[in-house]
2 protein chains.
Amino acid sequence: MEWLKEPERHFPPHETLKHFNDGVCVTYIQEKAGLSQSTISTYLTNMEKCGLLISTRHGKWSYLKRNEKTIKEFTDFLT
Amino acid sequence: MEWLKEPERHFPPHETLKHFNDGVCVTYIQEKAGLSQSTISTYLTNMEKCGLLISTRHGKWSYLKRNEKTIKEFTDFLT
DNA sequence: CAAACATATTGATAAATCTCGATATATAAA
DNA sequence: TTTATATATCGAGATTTATCAATATGTTTG
């Protein structure tokens, strides 16, 4: 969640997409997290299901970005 | 944590102490939570150790109240 | 001091979570 | 249309968490 606040500071640029408008691809997140591909895929899927992330598919890549609306609702609830 | 925001709304008055200045006794929290005495005692001890609660002993009773300072630090971190 | 009461600690078990490798599926490239 | 690449799903083991009953410790009261 923290990394996705500033993708350009935490991830290399995408080869195909020249921007981070839809977030970061699963592979980059997986490599940086240092967990297995299946683990990260499951985590990201769950985080999307519970509304914390937004997933967008471009060709064979899935890009993940923060869902600021739900995140705010959640932190507001915690506060 | 939520109950302790307004003890007078969520708990009966204490017999000995006539106020909630130091929070609520373990027994009341235990009864309201519906978990065993040992479970609640452990939880409250841990929450105190990690700074979320402040524990004050008056005679044979322990009273628990929120540690607003640490709670704020934590919610700030989450936000 | 002994009995009673409030809280703390210990030891145990069931359930949940973390994490992986293997495999499946989807998409693009050759 | 086979192969390569990216992501998803499944099944399983190890670790952690939730929770309890039993027991211990601390404190007051008779």
Side-chain angles (χ1 to χ4, degrees), chain A residues 1-4 7-8 10-67 70-71 74-75 77-78, chain B residues 1-4 7-8 10-67 70-71 74-75 77-78:
Chain A
M1 300 294 283
E2 203 58 32
W3 297 336
L4 292 179
E8 51 296 320
H10 298 286
F11 299 97
H14 289 127
E15 310 257 311
T16 306
L17 254 63
K18 297 302 182 194
H19 54 75
F20 289 108
N21 295 358
D22 290 318
V24 181
C25 70
V26 176
T27 305
Y28 283 1
I29 298 174
Q30 188 250 304
E31 285 168 353
K32 192 169 173 71
L35 292 168
S36 77
Q37 184 269 321
S38 63
T39 298
I40 290 296
S41 175
T42 304
Y43 282 4
L44 296 176
T45 300
N46 289 344
M47 290 166 86
E48 198 229 339
K49 278 183 187 153
C50 72
L52 291 170
L53 295 176
I54 293 168
S55 175
T56 312
R57 189 127 194 172
H58 288 277
K60 55 181 173 178
W61 294 280
S62 278
Y63 297 86
L64 279 305
K65 69 177 171 187
R66 293 164 54 95
N67 186 345
T70 315
I71 292 168
F74 183 53
T75 54
F77 166 73
L78 291 176
Chain B
M1 301 296 281
E2 203 58 33
W3 297 337
L4 292 178
E8 52 297 319
H10 297 287
F11 300 96
H14 289 127
E15 309 258 311
T16 305
L17 256 61
K18 295 304 182 193
H19 55 74
F20 289 108
N21 295 355
D22 290 319
V24 181
C25 70
V26 176
T27 306
Y28 282 0
I29 298 173
Q30 188 250 304
E31 285 168 352
K32 193 170 170 73
L35 293 169
S36 78
Q37 185 269 322
S38 65
T39 298
I40 289 298
S41 174
T42 304
Y43 283 3
L44 296 177
T45 300
N46 289 343
M47 291 166 86
E48 198 228 340
K49 278 184 187 151
C50 73
L52 291 171
L53 293 178
I54 294 170
S55 175
T56 311
R57 188 127 192 173
H58 287 275
K60 56 182 172 179
W61 295 279
S62 279
Y63 297 86
L64 280 305
K65 69 176 172 188
R66 293 165 54 97
N67 187 342
T70 315
I71 292 168
F74 183 53
T75 53
F77 167 73
L78 290 176

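Quick note on labels: first sequence line is chain A, next is B, and so on, each numbered from 1.
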Measuring only between side-chain heavy atoms, which start at C-beta, is [X] closer than 4.5 Å to [Y]?
| X | Y | answer |
| --- | --- | --- |
| B:T27 | B:Q37 | no |
| B:V24 | B:W3 | no |
| B:H58 | B:L17 | yes |
| A:L53 | A:M1 | yes |

Send over the distance from [X] [atom1] to [N] [atom2], rounded to a whole Å.
| X | N | atom1 | atom2 | answer |
| --- | --- | --- | --- | --- |
| B:W61 | C:dC5 | CH2 | P | 11 Å |
| A:L64 | D:dA6 | CG | P | 16 Å |
| A:Q30 | D:dT5 | CD | P | 15 Å |
| A:L35 | C:dG21 | CG | P | 11 Å |
| A:Y63 | D:dA8 | OH | P | 13 Å |
| A:L17 | D:dA6 | CG | C1' | 14 Å |
| B:H58 | D:dT27 | NE2 | P | 13 Å |
| B:H14 | C:dA6 | NE2 | P | 11 Å |

Could you check which of D:dT5, C:dA8, D:dT27 has an atom nearest any side-chain atom of B:K60?
-> D:dT27
Residue A:S36, side-chain heavy atoms: nucleotide from C:dT7, D:dA22, C:dG21 that is nearest = C:dG21
Spell out yes or no: do the side chain of A:Q37 and the base of D:dA6 have one donor N/O and one acceptor N/O closer than 3.5 Å?
-> no
Can a donor-acceptor pair under 3.5 Å be found between the side-chain atoms of B:T27 and the base atoms of C:dA6?
-> no
Think [X] has a side-chain N or O under 4.0 angstrom from the OP1 or OP2 of [N]?
| X | N | answer |
| --- | --- | --- |
| B:S41 | C:dA8 | yes |
| A:Y43 | C:dT19 | yes |
| A:T39 | C:dC20 | yes |

Start at the 5' end of DNA chain C and walk down; is the nucleotide closest to B:L44 or to A:R57 reached first?
-> B:L44
Qualifying residue, where the test is side chain to side chain contact (heavy atoms under 4.5 Å, CB included) with A:Y63 and the options are A:H19, A:H14, A:R57 = A:H14
